[in-house]
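Take a look at the structure set out below.
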2 protein chains.
Amino acid sequence: MNASRTARDRARVELTREIKETARRQLAVEGAQRLSLRAVARELGMVSSALYRYFPSRDDLLTQLIIDAYDGIGGAAEQAAAALPADRPQARWHAQCTAIRAWARANPHEFALVYGTPVPGYEAPEDTVAPASRVPIALLGTLRDADALGLLAGPADELPAGLAAQAAAITEATGVSLPAAVTVRAVIAWSQLSGMISFELFGTFAGTLEPADAFFEAAVARMSDFVGLPPAA
Amino acid sequence: MNASRTARDRARVELTREIKETARRQLAVEGAQRLSLRAVARELGMVSSALYRYFPSRDDLLTQLIIDAYDGIGGAAEQAAAALPADRPQARWHAQCTAIRAWARANPHEFALVYGTPVPGYEAPEDTVAPASRVPIALLGTLRDADALGLLAGPADELPAGLAAQAAAITEATGVSLPAAVTVRAVIAWSQLSGMISFELFGTFAGTLEPADAFFEAAVARMSDFVGLPPAA
DNA sequence: CCTTTTCGAGAGCACCGCTCTCGTCTGAGA
DNA sequence: TCTCAGACGAGAGCGGTGCTCTCGAAAAGG
């Protein structure tokens, strides 16, 4: 029952890993669009058809990279939060947003893979749902911890019934319990964060907000207020 | 000096238009990634090499479609604003945001073309800058008109010098004069809008905020407050 | 009328994802 | 220990892509 019993098994695991790593390197350099199975095979000294013993299609290989990207950016957000105490929620919020942006800037093509235009024929398999949730859960978690400590100024937004129900569904799906109005504002902030990073990475700010550091700092501070966190100590 | 003197000239203009139109139709159906010169040529009953008499490359054809997309979404924002009086800035803001989202939902691939992942080797030519500015200028214009009527509660955000300078540069580039803090908040709202629409179109909300109408309404209202507009009459 | 320019067609190059076949080699059961 | 099914890599090939080059026809302009 060993994880790698025979030589063949070990070789298979090893090669699968190498293929993924080579693909990730090519993705980082060229972008998802130009990621080519043949090029990966060439770099590994094999013929392209041999790759199909390990990944049934290019989309499948891409799915693996998407999962890795979600885990990467989600892990960055989680680590940033864990490095700070729960009673400093504003600092946590700031650290998370900064870590997410830093990860995106360090891995722009991976960011584009998960938050940019989806690949045309591609449909997200079930396996991507959990990794994809890590970032929003991390953000919501910071707010929940702040709320538990009485550090969250809950906004008094009136929500229509439908939206309140959707917020409750999010609470259920994420397991992070928050007032509906806070959940909605948190999702707004999350999409703001993603939009801002997209603008920065995809060149929408070209010629105006470059570098975007000061703008990003300001936006994070505003969003921190927006979701009801207390000002920085 | 007539615009179309000879038969050849007329045919050229006509064919150029037809190629663009066919390409736009394919883009709408298949997405930019799958837009194929050969397929366009096939649909027009010509051979692929003949297209190169009209567009030097696929990227050039794509650039034309990008400009059209910018004009389409920018025009939608402008028309929505023009349909309402300047003394109802909140209604204008709401109408603009709604029009932008509606356009994006009606033309998802075009939206992805301009606000999604950029094409790898692609570099935005100068001709795209002006059309690309129409949306932010329309949004800023609503705030400027409100400000001129004394209807804007200017936020008292403290901005670092560098960011204030960038905001001033935006004012200069767009020709829309606003306090720096408002400009910054407007750009935050703009990126929020784009991020939210991306989430909706690209499937990030799948299974939670679908349909996103109520959420969108709430977000637009929050952003309206955020940029300093008075509540709806 | 004759020359220059423009145009469409066709062949071709290098690439792509993917499929199929065919020897080879491995490893598990008899 | 031997055998045979299954896993494997190589290779050829299919249909597709963007793009280049050449060639003959047609139009425009002198």
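Sequence lines set the chain letters: A, B, ... in the order given, protein chains first and strands last, and positions in each chain run from 1. Treat the numbers as computed from the prediction; the structure is a model and nothing was measured.
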For this session: Mind jotting down which residue pairs meet the salt bridge (charged side-chain N to carboxylate O under 4.0 Å, His left out) criterion with at least one end in residues 70-79 of chain B? Sequence neighbours excluded, please.
Result: B:Asp71-B:Arg134, B:Glu78-B:Arg134
Seminar exercise, completed: With sequence neighbours left out, the residues meeting side-chain hydrogen bond (donor to acceptor under 3.5 Å, both in side chains) with B:Gln96 are B:Thr142
Exercise. With a 4.0 Å cut-off on heavy atoms, is B:Leu61 in touch with a base, just the backbone sugar-phosphate, or nothing at all?
Worked result: nothing
Exercise. Can you check whether B:Arg42 has a side-chain N or O nearer than 4.0 Å to OP1 or OP2 of D:dT17?
Worked result: yes
For this session: For atom CD of A:Glu172, decide whether the heavy atoms of other residues, nucleotides or ligands shown that lie under 6.0 angstrom number more than 12.
Result: no
Exercise. For B:Glu43 and D:dT17, what is the distance between atoms CD and P respectively, to the nearest whole Å?
Worked result: 13 Å
Could you write out each protein N or O paired with an N or O of nucleotides 20-23 of chain C at a distance under 3.5 Å?
none

Seminar exercise, completed: From the candidates C:dC18, D:dA10, D:dG18, the one with an atom nearest any side-chain atom of B:Leu37 is D:dG18
For this session: Send over the distance from A:Tyr52 OH to D:dG11 P, rounded to a whole Å.
Result: 17 Å
Exercise. When the distance from CG of B:Asp60 to P of D:dG18 is rounded to whole Å, what number comes out?
Worked result: 14 Å
Exercise. Could you state the CZ-P distance from B:Arg12 to C:dT5, rounded to the nearest angstrom?
Worked result: 15 Å
Exercise. Just checking, is any N or O donor in the side chain of B:Gln192 or A:Ser191 under 3.5 Å from an acceptor N or O on the other one?
Worked result: yes
For this session: Compare side-chain N and O positions of A:Ser36 against OP1 and OP2 of C:dG17 and report whether any pair is under 4.0 Å apart.
Result: yes
Problem set entry | Check: B:His94/B:Glu217 side-chain N/O donor and acceptor closer than 3.5 Å | yes
Problem set entry | Residue pairs involving residues 182-208 of chain B (criterion salt bridge (charged side-chain N to carboxylate O under 4.0 Å, His left out); sequence neighbours excluded) | B:Arg101-B:Glu200, B:Arg105-B:Glu200, B:Asp157-B:Arg185
Exercise. When we call it a touch if two heavy atoms are under 4.0 Å apart, what does B:Leu44 touch: a base, just sugar-phosphate, or nothing?
Worked result: nothing
Problem set entry | Separation of atom CG in A:Leu62 from atom P in C:dC18, rounded to whole Å | 11 Å
Exercise. Shortest non-hydrogen contact from B:Ile19 to B:Leu51?
Worked result: CD1-CD2, 3.4 Å
Problem set entry | Under-4.0 Å side-chain N/O to phosphate OP1/OP2 contact, A:Arg58 with C:dC18 | no
Seminar exercise, completed: Separation of C:dT6 atom C1' from B:Leu51 atom CG, nearest Å, is 16 Å
For this session: State whether A:Glu43 and A:Arg25 are salt-bridged, where the test is any N-O pair (Lys NZ or Arg NE/NH1/NH2 against Asp/Glu carboxylate O) under 4.0 Å.
Result: yes
Problem set entry | d(CE, A:Met46; C1', D:dA10) in whole Å | 10 Å
Could you list all N or O pairs between the protein and nucleotides 27-30 of chain C that sit under 3.5 Å apart?
unit_1	atom_1	unit_2	atom_2	d
C:dG27	OP1	A:Ala7	N	3.3
C:dG27	OP1	A:Arg8	N	2.8

Exercise. Quick one: A:Arg38 CZ to D:dA10 P, roughly how many Å, whole number?
Worked result: 14 Å
For this session: Describe the nucleic acid contact of A:Phe55 in one word from base, sugar-phosphate, nothing, applying a heavy-atom distance below 4.0 Å.
Result: nothing
Exercise. Under 4.0 angstrom, heavy atoms only, what part of the nucleic acid is A:Leu35 near: base, sugar-phosphate, or nothing?
Worked result: sugar-phosphate
For this session: With sequence neighbours excluded, give me every ring pair (Phe, Tyr, Trp, His ring centres under 6.0 Å) pair touching residues 203-224 of chain A.
Result: A:Phe199-A:Phe205, A:Phe205-A:Phe215
Exercise. Should B:Glu21 and B:Arg17 count as an ion pair when the cut-off is N to O under 4.0 Å?
Worked result: yes
